[in-house]
Protein chains: 2
Amino acid sequence: MRRARYSCGVENEVGHEIAEALGILLRRTTRAQLHKRLTEGMGEAVDEVTYPVLSALARTGPRSAAELAPDAGVDRSGVTRRASRLEAAGLIRREADPTDRRAHLLVLTEEGEAAVTELRARLAAHIMRSLSSWPPGEAESFARQLRRFTAEGPFA
Amino acid sequence: MRRARYSCGVENEVGHEIAEALGILLRRTTRAQLHKRLTEGMGEAVDEVTYPVLSALARTGPRSAAELAPDAGVDRSGVTRRASRLEAAGLIRREADPTDRRAHLLVLTEEGEAAVTELRARLAAHIMRSLSSWPPGEAESFARQLRRFTAEGPFA
DNA sequence: GGTAGTGCGTGCGCCGCGCACGCATCTCCT
DNA sequence: AGGAGATGCGTGCGCGGCGCACGCACTACC
C-alpha cells in the first residue's frame, strides 16, 4: 500500500483506519453509556440528557437557548426543557438580557460551576487512568493532534 | 504546569485537553448529525438508526442479535427491530444457526456488503478531505495513536 | 404608531428504547 | 429417556425525549 498515494500526501488507508477507530470510539462514548456513568451520583438533575447543555454552557459562557442549541446538537426546545430542569435544581439561572427584554440568558450558578468542575475532573481522570501507560510525550502529541483534528477537521 | 507531574509521567493538563477535544468531537458525531448525513440517499432502510447495527455486523461478521447488542450500544430488542428493517430491505438475512435451532444468525447479503463498502468509503473520504492539509506522516501517527487509544484506552 | 420580525416557552404527535412476557429449543440431571 | 430449569428470540407496552408549530411578549423599522 506504500505506492497507493494521493496528491495530498496521505494514504487512503489512513482514512479507513481513522474512520474505524472513530466508529469504535463513538460507539463507546454514547450518552447512554459514557455520560450516564459520568453523571452517576451527581444529583437528580444532572444526567446524560442535561449533561450536554451544562457542558456546552460552561464552554461558551452565558448564552441564550437558541445559541446553545446547535452546539448541544439538539433542538432549541430541547435546550429550553433541559435548562428548566437544571434551573429547578439550582445549577443554572435565567438572566434577563439587559439589551433585549425578550431574551433569557442561561448562566451557571456557583453550584453549576462546581458540578462542571467535578464532571471535567472525572472525565479527565478516567482518560488519564489509561494514558498512564503511554510513553512520555506521546500523550501530549496525541492531545495536540486530536485538538487539531477537532478544530480544523471534518467535524469542525 | 511543567512541575505538576504525576507518577505516570503524563501531565494532568493533557487529560483535560483530550477530554475537551473528545467532547467537541463527540458532539459533532452524533447519530442525529453525522450518521444522518452519512446515510443520506442510501435507501429507506439505511438511516442513522439502523447504521450502527449494519456497521457492527460488518465488523464482527455473522452474529446473533444478542451478541451484537453490546457492540451496537443498544438493547437486544432494538437490534432485533433494526435487523428486521434491514432484512425487509434485503440488506441482511437471518440464517438458522446449524448448531442451535433457536438462534438466528444475522448475516449481510451481497447488497448489504455493498452498502457497507459505500458507507465506509464516504466516511473515509470525508475524513481524508480535511487530513489532506496535514504534514505527511502526521496523519499516520495520529491514526496509530487513535487506534491505540480505542484499543487499550478508557473506552475499550 | 403600526406592522413585520424575532426570541422564548409549551402542547402535541411520533418514534426509539428498555422491560418483561410467551414460545421454542437446548442442557443437564436423574 | 424424560422432565425441569436455562437460554435465545421476537413482540407488546409504557415511558421519555425529540422536532414542529403555535401563542405571547418584545423589538425594529418605516
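The shown structure was predicted, so the numbers you read here are calculated from the model rather than taken from an experiment. All heavy atoms count here, side chains included; hydrogens, waters and symmetry mates do not. Each chain gets a letter, A, B and so on, in the order its sequence line appears, and its residues count up from 1.
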Is any side-chain N or O of R101(B) closer than 4.0 Å to OP1 or OP2 of dC23(C)?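 For dC23(C), OP1/OP2 do not have a side-chain N/O of R101(B) under 4.0 Å.
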Check whether any side-chain N or O of R94(A) sits under 4.0 Å from OP1 or OP2 of dG9(C), and answer yes or no.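 Looking at the OP1 and OP2 atoms of dG9(C), one of them is under 4.0 Å from a side-chain N or O of R94(A).
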For the pair made of [atom1] in [X] and [atom2] in [N], what is the distance, rounded to whole Å?
X       : N       : atom1 : atom2 : value
D97(B)  : dT7(D)  : CG    : C1'   : 13 Å
R81(B)  : dG16(C) : CZ    : P     : 10 Å
E95(B)  : dC9(D)  : CD    : P     : 14 Å
L105(A) : dG7(C)  : CG    : P     : 13 Å
H104(A) : dC8(C)  : NE2   : P     : 8 Å
D100(A) : dA25(D) : CG    : C1'   : 10 Å

Just list the side-chain donor-acceptor pairs under 3.5 Å for residues 106-116 of chain A, sequence neighbours left out, or say none.
| from | atom 1 | to | atom 2 | distance (Å) |
| --- | --- | --- | --- | --- |
| T109(A) | OG1 | G90(A) | O | 2.7 |
| T109(A) | OG1 | L91(A) | O | 2.9 |
| T109(A) | OG1 | E111(A) | N | 3.4 |
| T109(A) | OG1 | G112(A) | N | 3.2 |

With sequence neighbours excluded, residues passing salt bridge (Lys or Arg N to Asp or Glu O under 4.0 Å) with [X]:
X       : answer
E17(A)  : none
R101(B) : none
D71(A)  : R59(A), R28(B)

Any residue in [range] with a heavy atom nearer than 4.0 angstrom to DNA chain D? Just list them by number, or reply none.
range                     : answer
residues 71-78 of chain B : R76(B), S77(B)
residues 59-68 of chain A : none
residues 39-55 of chain B : none

The criterion is side-chain contact (heavy atoms from CB on, under 4.5 Å); which residues satisfy it with R102(A), sequence neighbours excluded? D100(A)
Identify the two heavy atoms, one from P62(B) and one from L105(B), that lie closest to each other, and give their separation to 0.1 Å.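 Minimum heavy-atom contact is CB-CD2, 4.5 Å.
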Which atom pairs, donor and acceptor, lie under 3.5 Å between side-chain atoms of residues 30-41 of chain A and protein residues at least two apart or in another chain?
| from | atom 1 | to | atom 2 | distance (Å) |
| --- | --- | --- | --- | --- |
| T30(A) | OG1 | R27(A) | O | 3.2 |
| T39(A) | OG1 | H35(A) | O | 2.7 |
| T39(A) | OG1 | K36(A) | O | 3.3 |

What pairs of residues pass the ring-ring contact (aromatic ring centres under 6.0 Å, His included) test when at least one of them lies in residues 90-127 of chain B, not counting sequence neighbours? F155(A)-H126(B)
Interatomic spacing from CD1 in I127(B) to CG in L123(B) - rounded to 0.5 Å: 4.0 Å
Pairwise distance CG(L54(A)) to CZ(R85(A)) - rounded to 0.5 angstrom: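 One gets 12.0 Å once the value is rounded to the nearest 0.5 Å.
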Distances for protein N/O vs nucleotides 2-6 of chain C N/O pairs under 3.5 angstrom?
| from | atom 1 | to | atom 2 | distance (Å) |
| --- | --- | --- | --- | --- |
| dG5(C) | N2 | R102(A) | NH1 | 2.9 |
| dT6(C) | O2 | R102(A) | NH1 | 2.2 |

Got a sec, which pairs hit salt bridge (Lys or Arg N to Asp or Glu O under 4.0 Å) with one end in residues 116-129 of chain A, sequence neighbours left out? E118(A)-R122(A)
Compare all side-chain heavy atoms of R148(A) with those of W134(B) and state whether any distance is below 4.5 angstrom.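 Counting from C-beta outward, R148(A) and W134(B) do come under 4.5 Å.
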Within the structure provided, determine whether L25(A) and T29(B) are in side-chain contact (heavy-atom separation under 4.5 Å). no
